[in-house]
Amino acid sequence: MPPTPPLLGPGPAVSDPGPAVVRAPRAAAHPGCEHCPDDALDDAELISARAALTQGRWQSARSLLLHTGDDWDRRGHRATVLAREPYAIAWAREWLLAEPGSAGAATLYALTLVRRALRGKEDPERAREACAGAAALAPADPTPWLGLLLLARYLGTDEETRRAFTEVRRRHPEHHHAHHLMAARIAETETGGTYELCAFAERAAAEAPADSPLAVLPVVAYAERHRVLAATGRAHADPAAAGHWTEPSALRALGAAFDWWLEWGIEEHPRRHIDLNHLAHATFGAGRYAEAAALFQRIGRHATPAPWSYPDRDPCEAFRAARERVLGG
């Protein structure tokens, strides 16, 4: 396969960050639609704390992060979602004033700066400094390093991206969000085909414990690869029309990930719906409608922007069309 032109590298802030930090609205983008994505997924406690934060009651966010403890994937998920609230920076700053040494407050504040930097509304260096300060307050927590990885993934060099990823993995080797960010970055910057991307995803899946959702990462990698090919005009925007999921290597990755899901499931993971949506997207693209139907049933109304938005589609419409095709409505 010929090399893929890089889609991004070090440069100015992007006005609309890519799928890893897409900001799905809570209110339906399509009136009457029950499938429009929500970043919080099905985390009821997060949804409640987020609502309180929008009203200026940061104590709920404080309590949420405190009780999340060292469940690092859940902590990263909750902190990044809270940081996307428009007024989160003001309430995080108020929390910091009330508790200057709070690692939770420092982390939330740092992630709000990261979000603003990615939208071109904040100096990235200021966001990096805030992440470094939060990391110093909580040396074992990978979440401040996740903020640095988000910055590097869009605005940094390959070296900065890999360093941040290494620091996240040093604290939590199976960090779900971090691996997804790295797969997207490698897909966009790899110039020699798909070897590095596939090797990265397969190695992560192989090294993770048997019940780890990183078993789905090879499928995520193939979705990222198609996104890049379609964005550069080298593949049809519809992965099914492109035959992307009928390639032997893609089918092998999909078969292994689906079998893993049947055996282990991912019912307790905070970001499980992201993996379920990737599996549904891939099985649908491969024409495996019976398997896709089971996945859509499990997903329910919790659609996610990635991968339904790939390469430049309305995720709600793409999800709904696929779901109706396999479930009949």
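As the structure is a prediction and not an experimental result, all values here were calculated from the model. Hydrogens, waters and symmetry mates play no part in the numbers below; they use all other heavy atoms, side chains included.
Looking at Tyr195 and Glu190, their side chains never bring a donor and an acceptor atom within 3.5 Å of each other.
Listed by chain and number, the residues in a salt bridge (charged side-chain N to carboxylate O under 4.0 Å, His left out) with Arg75 are Asp141 (sequence neighbours excluded). Contacts of Pro239 classified as side-chain contact (heavy atoms from CB on, under 4.5 Å), with partners at least two apart in sequence or in another chain: His226, His244, Trp245, His281, Arg313.
In this structure, Arg93 places its CZ atom where more than 12 heavy-atom neighbours from other residues, nucleotides or ligands lie under 6.0 Å away. Heavy-atom neighbours of Glu125 CD from other residues, nucleotides or ligands within 6.0 Å: above the threshold of 12. By the neighbour-count criterion of 12 heavy atoms within 6.0 Å, atom CD of Glu267 is densely surrounded, having more than that number from other residues, nucleotides or ligands. Remark: Glu174 CD is packed, more than 12 non-hydrogen atoms of other residues, nucleotides or ligands lying under 6.0 Å away.
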Q: Apply the test salt bridge (charged side-chain N to carboxylate O under 4.0 Å, His left out) to residues Asp38 and Arg301: give CA-CA distance (whole Å), side-chain angles for both, the deciding distance (0.1 Å), then the verdict.
A: CA-CA 10 Å; Asp38 181 350; Arg301 63 182 181 85; over 6 Å; no
Q: List the steps and the verdict of salt bridge (charged side-chain N to carboxylate O under 4.0 Å, His left out) for Arg170 and Glu167.
A: CA-CA 5 Å; Arg170 183 174 297 165; Glu167 294 294 341; 3.0 Å; yes
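Applying the ring-ring contact (aromatic ring centres under 6.0 Å, His included) test between His269 and each of His175, His176, His77 identifies His176 as the sole match.
Remark: Arg162 engages Glu196 in a salt bridge, criterion side-chain N to carboxylate O under 4.0 Å.
Residues Trp58 and Glu94 have side chains in contact (heavy-atom distance under 4.5 Å, counting atoms from C-beta outward).
Using cut-offs of 30° and 60° on the angle between ring planes, the pair His278 and His180 is perpendicular.
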